[in-house]
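These notes are about the structure you will find just below.
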2 protein chains.
Amino acid sequence: MADRPRRIPEATVARLPVYLRSLLQLAGEKTGTISSERLAEMAGVNAAKVRKDLSYLGSYGTRGVGYDVEYLLFQMSRELGLTQDWPVVIVGIGNMGQALANYPGFTSRGFPIAALVDADASKVGHEVHGKRVRHIDELPDIAAEQHIAIGIIATPAHAAQDVADRLLAAGVTSILNFAPAVINVPATASLRKVDLAVELQILSFYQQQRDNEGDGAAAPAPSADAAG
Amino acid sequence: MADRPRRIPEATVARLPVYLRSLLQLAGEKTGTISSERLAEMAGVNAAKVRKDLSYLGSYGTRGVGYDVEYLLFQMSRELGLTQDWPVVIVGIGNMGQALANYPGFTSRGFPIAALVDADASKVGHEVHGKRVRHIDELPDIAAEQHIAIGIIATPAHAAQDVADRLLAAGVTSILNFAPAVINVPATASLRKVDLAVELQILSFYQQQRDNEGDGAAAPAPSADAAG
DNA sequence: GTCAGGTCGTGCACGTGTTCACAATCAAGT
DNA sequence: ACTTGATTGTGAACACGTGCACGACCTGAC
């Protein structure tokens, strides 16, 4: 089998889910084929980038026609590992953890919330979103029983590294960190972070630049694509 | 005045808030000076990057010694526009919007939640986090009265672009989008996005790659720094 | 069969970001 | 004053990501 020499750039991987969302919408509208130009418009990027990104998956387009929506959807889902469900565990059931537990977008997109855990004994036993909160010490058992590979950290900053270590020890090698703290994981694991305060501070920087316009040159268009 | 030829790269801007957080911690521990190497460790990057990033702010370090924590803290806060508060408006008071409204990290870091708005009349008038929810039609008045420059979109996807347009029309030129949708803003505005499903799908991709290890080469360490 | 219109796949050039390596500088000890 | 050890600031090389431009290819009409 001629295995293509695939190694998808990180920037491309980060955009694939956005294309996927556009394709799902198109499939719902019974659109048969889509050109790179239209898909680019939907995804908020330019057409050349779409073509290059998709070319990493293979040559799934037809010159003069475009891409078959259903076929591309399937190939992209397969590439992203979305032909299976990925149960997730949420650690830290405070404001943010509860909101995440109630967020319908996870389950509907193939990431069912399999477990909620917290270190606070007063929270254990409570029900959130129909799930009973369990103690974090049970993490190894929970992860093994439910085959959990992805963990979401929604604890205060000071607990984040310890939770990450516990997740890793329990075999959870993909981590999404909401806590406002830097955490370290070995190269054999994946880590992505979402830090709300950081996002606002970045916006603040550019906002201030615009407010101060009139000094030197105008602000150099910081807008558009960012935190993916 | 010799104005330095500053134009801070986007990648650097995205890291400044992380340095800032580390500096705040150091200041709390009464640390007087910090080397680029230790700061790099705290921020999860390498020392050369720290020095280059900080050099865009000016030459605030002392060779052989390091950086004065308090002084650097001040300069960085100034650069990020954090010497003033930035009141924010949250649009869409569902699960996520409520959680964001209750999140203490915003106010404590200089982003007080000045207003909550929703298009759903049944939500208007309710109190969330001590704030009354107001109707989105009042947005222009609210933004003007409270000098709001930053808006957070926490609506369903289908409403996101319309809300963004309304925010812009009300003079809000910095937008943080939580809705799972691509939205367009003019180059005179800033947009950052946080998409939870996208983050999980990226993790899923690399997780699958690790699960399939043993085929070709090992997974090329996708971990660490990402979504800022 | 040929032509016209349309769209993909990709080589190439460019810009941005990262890392190395080292001169420049400072503090402290003698 | 000199030496030693530490640390910054930055030039230069390298890696990565982006966008243009164009050849390759497909479809449909006549």
Side-chain angles (χ1 to χ4, degrees), chain A residues 4-16 18-19 23 26 31-69 71-72 75-76 202 220-228, chain B residues 4-16 18-19 23 26 31-69 71-72 75-76 202 220-228:
Chain A
R4 24 210 164 104
R6 260 208 323 262
R7 207 226 97 227
I8 305 184
E10 204 171 318
T12 294
V13 172
R15 281 188 296 268
L16 292 182
V18 181
Y19 300 145
L23 290 171
L26 290 167
T31 307
T33 63
I34 181 79
S35 69
S36 61
E37 192 159 358
R38 281 236 306 137
L39 184 53
E41 191 185 358
M42 294 181 74
V45 299
N46 80 21
K49 203 181 294 191
V50 169
R51 289 199 296 277
K52 186 150 287 189
D53 285 343
L54 296 186
S55 76
Y56 290 115
L57 306 181
S59 282
Y60 296 146
T62 305
R63 291 168 148 95
V65 178
Y67 300 89
D68 182 281
V69 173
Y71 186 57
L72 187 55
Q75 293 295 346
M76 194 173 293
I202 295 170
S223 87
D225 77 292
Chain B
R4 21 208 165 102
R6 257 204 330 259
R7 206 226 98 225
I8 306 183
E10 205 171 316
T12 295
V13 173
R15 280 188 295 268
L16 293 183
V18 181
Y19 302 144
L23 290 171
L26 290 167
T31 306
T33 63
I34 181 78
S35 69
S36 62
E37 193 159 359
R38 283 234 305 135
L39 185 53
E41 192 185 357
M42 294 181 73
V45 300
N46 80 21
K49 202 182 292 191
V50 168
R51 289 199 297 276
K52 186 145 284 192
D53 284 344
L54 296 187
S55 77
Y56 290 115
L57 305 182
S59 283
Y60 296 146
T62 306
R63 291 168 146 98
V65 179
Y67 300 88
D68 182 281
V69 172
Y71 187 57
L72 187 55
Q75 293 295 346
M76 194 174 294
I202 295 170
S223 89
D225 79 293

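So that the names make sense, note that chain A is the first sequence line, chain B the second, and so on, each numbered from 1.
For residues 51-60 of chain A, the set of pairs meeting the salt bridge (charged side-chain N to carboxylate O under 4.0 Å, His left out) definition, not counting sequence neighbours, comprises R15(A)-D53(A).
The separation between I34(B) atom CD1 and dT7(D) atom P is 10 Å, rounded to whole Å. Remark: C1' of dC8(C) and CG of L57(A) are 14 Å apart, rounded to the nearest angstrom. Whole-Å rounding puts the L39(B) CG to dT8(D) C1' distance at 13 Å. The CG-C1' distance, from L54(A) to dT7(C), rounds to 13 Å in whole Å. In this structure, D53(A) atom CG and dC8(C) atom C1' are separated by 14 Å, rounded to whole Å. Per the geometry, CD belonging to E10(A) stands 15 Å off P belonging to dG17(C), to the nearest Å.
Note: Y71(B) and Y60(B) meet the aromatic proximity criterion, with ring centroids under 6.0 Å apart.
The side-chain contact (heavy atoms from CB on, under 4.5 Å) test applied to M42(A) returns S22(A), Q25(A), L26(A), not counting sequence neighbours.
The shortest distance between the side-chain N/O atoms of Y67(B) and the OP1/OP2 oxygens of dA6(D) is not below 4.0 Å. OP1 and OP2 of dT7(D) both lie 4.0 Å or more from every side-chain N or O belonging to S36(B).
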Legend entry - Sequence-aligned protein contact record of nucleotides 19-25 of chain D, with B where the base is within under 4.0 Å of a protein heavy atom and S where only the sugar-phosphate is: BBB-BBB

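Comparing dG9(D), dG17(C), dC8(C) by their nearest atom to the side chain of P9(B) picks out dG17(C).
In this structure, L23(B) and V69(B) approach most closely via the heavy-atom pair O-CG1, 3.8 Å.
Here the CD1 atom belonging to I202(B) is positioned 8.5 Å from the CG atom belonging to L16(A), to the nearest 0.5 angstrom.
Nucleic acid contact for R15(B): sugar-phosphate only, since backbone atoms but no base atoms lie under 4.0 Å from a heavy atom of the residue.
Judged by distance alone, with hydrogens and angles left aside, the side-chain atoms of T62(B) form no donor-acceptor pair with the main-chain N or O of V65(B) at under 3.5 Å.
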